[in-house]
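Here the structure comes first, spelled out in structure tokens, and everything after it is commentary.
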Amino acid sequence: MPRYDYKSIESRWQQYWEQNDTFRTEDCVSDKKKLYVLDMFPYPSGSGLHVGHPEGYTATDIVCRYSRMKGMNVLHPMGWDAFGLPAEEHAVKTGTHPRITTEQNIATFKRQLKMLGFSYDWNRELATTDPDYYRWTQWIFLQLFDTWYDADFEWTGPDGVKRKGKGRPISELPIPAELASENGKPASEAVRRYQDKHRLAYVSEAPVNWCPALGTVLANEEIIDGKSERGGHPVVRMPLKQWMLRITAYADRLANELESLTWSEAIKLMQRNWIGRSVGAEVDFRIESGERKAENGAATSPLSEKPFPREPAADTIRIYTTRPDTLFGVTYMVLAPEHPLVDRITTPEQRAAVNEYRTKASLKSDLDRTDLAKDKTGVFTGGYAINPVNGEKVPVWIADYVLISYGTGAIMAVPAHDERDYEFAKTFGIPIRQVVAPAPGSGHVADIDNVAFVETGVAVNSGKYDGTATAEFKSQITKDLSEAGVGREAVNYRLRDWLFSRQRYWGEPFPIWHELDAEGNPTGLMRTDAVESLPVLHPHMEDFKPTGTPEPMLAKAEPTWLYKTDTDGVKLKRETNSMPQWAGSCWYYLRFCDNKNSNNFIDPAKEKYWLPVDLYIGGAEHAVLHLLYSRFWHKVLFDRGYVTTPEPFQKLVNQGMILGEPDENGKAEKMSKSRGNVINPDDIVRDYGADALRLYEMFMGPLEQVKPWQMSGVEGVYRFLGRVWRMVIDDRAEAVQLASNVTDAEPTEEQLRVLHKTIKAVTDDIDRLAFNTAISRMMEFTNFMSNQEVRPKSVLSSFVQLLSPFAPHIAEELWAALGQTKTMAYEPWPQYDPAMLVEDTVEVPVQVNGKLRSKIVVPNGIDAAELQRLAETDESVRKHLEGKTVVKVIAVPGRLLNFVVK
RNA sequence: GCCGGAGUGGCGAAAUGGCAGACGCGUCGGAUUCAAAAUCCGAUAAGGGUAAAACCUUGUGUGGGUUCGAGUCCCACCUCCGGUACCA
């Protein structure tokens with residue numbers, strides 16, 4: 001084998017690792033430091049691996065191989081996020097069961113990953129579609145179902161941190177006396193309904209996004225520009241009973257506990273923005289019944305002493321505002337079209353117009369709402385409400401620019417100081433009253449006739465509050481409103497509860513039954529499957545065509561799956577929704593620690609040993625949703641005592657996307673089938689080998705950066721591997737044997753210095769995930785050593801070790817050629833000797849007034865004065881100093897000398 | 001609109017405030033070869049200068065600033081990429 005024959009080398013070593021189970025990982029090894037390095041597991045699509053996948057996977061593999069050599073116990077698993085629509089759509093077309101398709105796709109992915117030589121412990125492989133896995137996904141759902149959030153509960157977790165707010169067992173939910181006393185039975189129907197309202201997993205009937213083409217509802221975040229994220233199909237809004245997860249209960253903790261994580265500030269910010277916490281006030285506006293006049297006492301004493309009611313009274317509109325300081329500028333109010341008070345407040349004359357508007361709004365998809373964003377629409381209800389701060393009678397409108405799902409679904413409109421209200425007021429001729437003036441010296445200008453003034457400033461036209469600065473006014477009026485019982489401070493989140501059900505076959509079934517009455521109608525009461533009976537398997541089905549209605553696919557299952565009678569004689573119908581694809585990926589990192597446990601979702605000792613994940617690498621497309629959902633589940637499990645860390649992923653890195661090859665204009669675009677610029681890893685491995693692919697993906701540029709693919713770059717690293725090969729191996733011999741000048745000779749001082757510099761550079765670069773520069777340093781080493789007449793084996797051996805995390809196949813082959821008999825996967829990582837790095841002389845740049853004028857070679861370690869003396873003898877320096885006065889000399893010994901002259 | 005990130009040779013890119021362009025690609029020249037492939041050696045920011053060197057000037061999106069010294073720090077702006085979008 002004279003030439004570098006990657007084909008035979010790679011397949012041989014892959015076989016070796018597999019046969020020797022080289023990368024099997026033991027749990028709870030006490031004498032080694034643990035390191036949990038995780039890739040975002042892929043969805044095994046039908047099109048196979050993409051060159052984007054191995055980018056992150058190679059990065060983690062380098063860290064893992066390096067860390068093993070550093071003596072750590074490394075967990076590096078891989079699995080499959082295997083539920084999802086494509087396999088089901090394939091089933092609709094061909095009748096092939098989604099499980100078959102999924103298994104085939106997994107087989108392809110696994111073959112492709114193995115071909116790249118990643119050091120996964122395949123014993124820990126899992127797929128979210130394995131009944132053994134989703135058994136525990138269902139179990140976690142039952143924990144969510146069994147948990148309510150006690151926002152005021154103060155406690156100290158196993159991490160020793162004091163927190164306020166905890167997810168607690170539903171059995172610990174305090175039951176209001178009037179419910180509990182009913183029949184004296186703790187499990188009375190009223191109590192059960194009360195509990196159901198407080199669970200973290202609950203059923204809600206709300207307008208949802210129904211996508212007829214996909215045959216499922218979608219979460220808001222799965223819709224882009226009013227179309228489904230997957231496939232770009234239209235989406236309509238309709239009310240449906242759906243499972244929701246109360247992620248909003250954890251909003252504050254999800255935002256605050258980001259702080260302790262080693263994630264990029266950009267990603268943390270994205271999550272914070274997604275959560276979108278805002279602080280303001282809720283204020284009650286009493287509805288003006290119509291006959292009553294504004295003078296009716298209200299104007300003189302608008303604020304009365306009473307506590308602010310938990311729920312707004314029947315005759316009040318509760319609004320949320322972040323600018324309570326603008327209450328005196330309210331000239332109208334708006335209810336969301338879906339707001340429950342609309343019927344009540346609408347006058348007979350306006351009823352027809354209001355109903356028409358509500359109907360139109362309810363049919364509007366998100367796309368329509370977005371498209372019409374510029375033109376405000378709305379209808380006057382004919383009703384009025386009383387402004388609590390000044391007793392004014394304010395007209396109440398409905399308009400779809402107010403969302404039922406945010407805040408209280410109602411706003412006070414202050415057109416002078418809010419852009420949306422301003423536009424609306426201009427459209428409908430509603431008065432605009434300025435109540436904030438620019439603060440003196442702020443440089444702001446208020447031009448209320450032409451544009452809303454949204455900055456802070458000082459109050460005007462606000463009665464006794466005139467002259468108060470915005471911030472102070474806010475807290476003062478919030479306090480005053482609160483004392484008067486008409487308002488309170490309130491916090492709102494952009495984050496909504498998580499719509500957790502889908503109508504598809506190929507997702508986890510819910511472990512839930514609905515009670516039926518004698519007529520077979522659901523009573524609204526639910527029962528859970530017993531934990532021991534899990535998993536709830538999918539029913540047998542041959543026809544995967546969507547029902548065409550929002551009725552879930554599973555409703556077509558045979559009656560034996562769908563119905564049963566419980567031991568107490570109550571008839572039950574199974575929940576027929578299924579869980580979204582996010583469910584399985586929410587906790588897979590836990591199962592990798594203990595994937596075969598049939599008694600528990602994870603063994604507590606293994607959880608304690610492995611968690612948290614020390615390094616998590618994946619695409620930025622999951623920056624918000626997957627990571628937020630996952631953190632939410634983890635926190636619930638933490639509160640319920642099943643995990644001991646508050647966060648799952650300590651360090652997160654997002655790899656940058658790999659774009660297609662640039663076109664003739666130098667423009668690079670996203671790889672996609674439609675553009676025809678997809679690079680298939682199979683082709684690269686066939687033509688250049690896995691080591692070359694791995695090396696190229698790391699050499700392209702910084703891991704986190706977006707970078708274009710360039711085939712000539714693959715050639716480059718392939719040539720490098722050839723040079724490494726010939727540096728060690730005699731490529732003209734018949735068999736693999738060392739080149740004749742590779743000997744047992746003692747290394748020269750220079751050779752040692754180059755080696756130790758390389759060790760230091762590569763080590764430091766791996767530590768900061770700067771793989772591209774690490775490879776550069778190895779190239780420099782190779783360029784140097786290839787030209788050495790005598791190449792000591794000891795130096796080459798150390799170098800091969802440095803190379804091994806990056807290009808493990810060729811490294812193992814060379815390691816063996818250098819006389820070693822077993823895998824180098826656990827050989828100690830080379831150490832550098834700082835003393836070896838020091839050279840006798842150094843070249844120091846000399847500047848005059850900051851401009852480079854000369855470079856002088858001086859003995860290493862000389863002091864500043866000596867350096868200056870030597871520099872002054874340099875001819876070209878002298879030339880530039882001539883006739884000038886030296887004002888100052890900056891000397892950085894060993895680095896630089898700068899004469900400042902006049 | 002708002003929030004992030006990035007702009008450096010022909011291209012991918014390097015550079016704890018201290019020699020801009022390491023390393024790789026490409027290109028040009030040379031060696032090897034009957035020839036080619038493969039391989040090896042050398043040159044390669046731009047402009048000026050020289051027989052050749054030396055040397056000089058200008059250069060990290062644009063304009064300012066801080067500093068002995070700025071690709072790097074600060075301010076303003078331009079362009080591209082990503083996220084988000086009636087969230088009161």
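In what follows, every heavy atom counts, from backbone to side chain, and hydrogens, waters and symmetry copies are set aside. Here is how names work: the chains are called A, B, and so on, in the same order as the sequence lines, proteins then strands, and each is numbered from 1.
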In which ranges does RNA chain B form stems of 3 or more consecutive Watson-Crick or G-U pairs, distances under 3.5 Å?
B:1-7 with B:78-84, B:10-12 with B:23-25, B:26-31 with B:39-44, B:45-48 with B:55-58, B:61-65 with B:73-77
Given atom CD of A/E621 and atom P of B/G4, what is their separation to the nearest angstrom?
22 Å
Using the C1' atom on both, measure B/A43 against B/A35 and round to a whole Å.
26 Å
Can you sort out the partners of A/E780 under salt bridge (charged side-chain N to carboxylate O under 4.0 Å, His left out), two or more places apart, ordered by chain and number?
A/R777
Check the orientation of A/H622 and A/H626. Use parallel for under 30°, tilted for 30 to 60°, and perpendicular for over 60°.
perpendicular
Does a side chain donor of either A/T381 or A/Y357 reach within less than 3.5 Å of an acceptor in the other side chain?
no
Where at least one partner belongs to residues 699-728 of chain A, residue pairs that pass salt bridge (charged side-chain N to carboxylate O under 4.0 Å, His left out), sequence neighbours excluded
A/E55-A/K707
Do A/S876 and A/R853 have side-chain atoms, one donor and one acceptor, less than 3.5 Å apart?
no
A/I411 versus A/Y320: any side-chain heavy-atom pair under 4.5 Å?
no
Go through the structure and list residues passing side chain to side chain donor-acceptor pair (under 3.5 Å) with A/Y832, not counting sequence neighbours.
none
Identify, with sequence neighbours excluded, every residue that meets salt bridge (charged side-chain N to carboxylate O under 4.0 Å, His left out) alongside A/D767.
none
Contact under 4.0 Å: A/N273 side-chain N or O vs B/A85 OP1/OP2:
no
Using the C1' atom as the point on both nucleotides, what is the distance between B/G7 and B/A20, in whole Å?
16 Å
Using the ring pair (Phe, Tyr, Trp, His ring centres under 6.0 Å) criterion, which residues pair with A/F473? Sequence neighbours excluded.
A/Y465
A/R732 CZ to B/A38 C1': how many Å, rounded?
12 Å
Between B/C40 atom P and A/N741 atom CG, what is the distance in whole Å?
14 Å
For A/Q271, what residues pass the side chain to side chain donor-acceptor pair (under 3.5 Å) criterion, not counting sequence neighbours?
A/R631
Nearest whole Å is fine: how far is B/G1 P from A/E419 CD?
12 Å
Using atom C1' of each nucleotide, how far apart are B/U50 and B/U39 to the nearest Å?
36 Å
Students often get this wrong, so: under 4.0 angstrom with heavy atoms, is A/R853 touching a base, only sugar-phosphate, or nothing?
sugar-phosphate
Which heavy-atom pair separates A/A410 from A/L335 by the least distance, and what is that distance?
CB-CD2, 3.6 Å
All pairs passing salt bridge (charged side-chain N to carboxylate O under 4.0 Å, His left out) where residues 266-276 of chain A contributes a residue, at least two apart:
A/E265-A/K268
For B/C55, does either OP1 or OP2 sit under 4.0 Å from a side-chain N or O belonging to A/H880?
no
May I have the distance from A/Y320 (atom OH) to B/C86 (atom C1'), rounded to whole angstrom?
16 Å
Looking at A/R323, is its backbone amide N or carbonyl O close enough to the side chain of A/T321 to form a donor-acceptor pair, meaning the two atoms are under 3.5 Å apart?
yes
Tabulate atom names and distances for all N/O pairs under 3.5 angstrom spanning the protein and nucleotides 27-33 of chain B.
none

For B/G9, does the O4'-C1'-N9-C4 or O4'-C1'-N1-C2 angle fall within 90° of 0, making it syn, or is it anti?
syn
Set of ring pair (Phe, Tyr, Trp, His ring centres under 6.0 Å) partners for A/Y688, sequence neighbours left out
A/Y718
Has A/R3 got a side-chain N or O lying under 4.0 Å from the OP1 or OP2 atom of B/U39?
no
Just call it for A/N654: base, sugar-phosphate, or nothing, with non-hydrogen atoms closer than 4.0 Å on any strand.
nothing
Intermediate values then yes/no, salt bridge (charged side-chain N to carboxylate O under 4.0 Å, His left out), A/E839 and A/K757
CA-CA 11 Å; A/E839 302 194 46; A/K757 278 186 166 173; 2.6 Å; yes
Think A/S278 has a side-chain N or O under 4.0 angstrom from the OP1 or OP2 of B/A88?
yes
Work out how far the P atom of B/G10 is from that of B/U27, and round it to whole angstrom.
16 Å
Let me know, please, whether A/Y406 or A/I267 comes out on the 5' side of the other along RNA chain B by nearest nucleotide.
A/I267
A/I404 has an atom CD1; how far is it from atom C1' of B/A88, in whole Å?
14 Å
Heavy atoms only, 4.0 Å cut-off, all strands: where does A/I411 land among base, sugar-phosphate and nothing?
base
Strictly under 3.5 Å: I want the nitrogen or oxygen pairs between protein and nucleotides 42-49 of chain B, one per line.
none

Can you build the contact string for nucleotides 5-26 of chain B? Use B for base contact, S for sugar-phosphate-only contact, and - for no protein heavy atom under 4.0 Å.
------SBSSS--BB--BBSSS
Distance between C1' atoms of B/U67 and B/C73 (Å, rounded)
10 Å
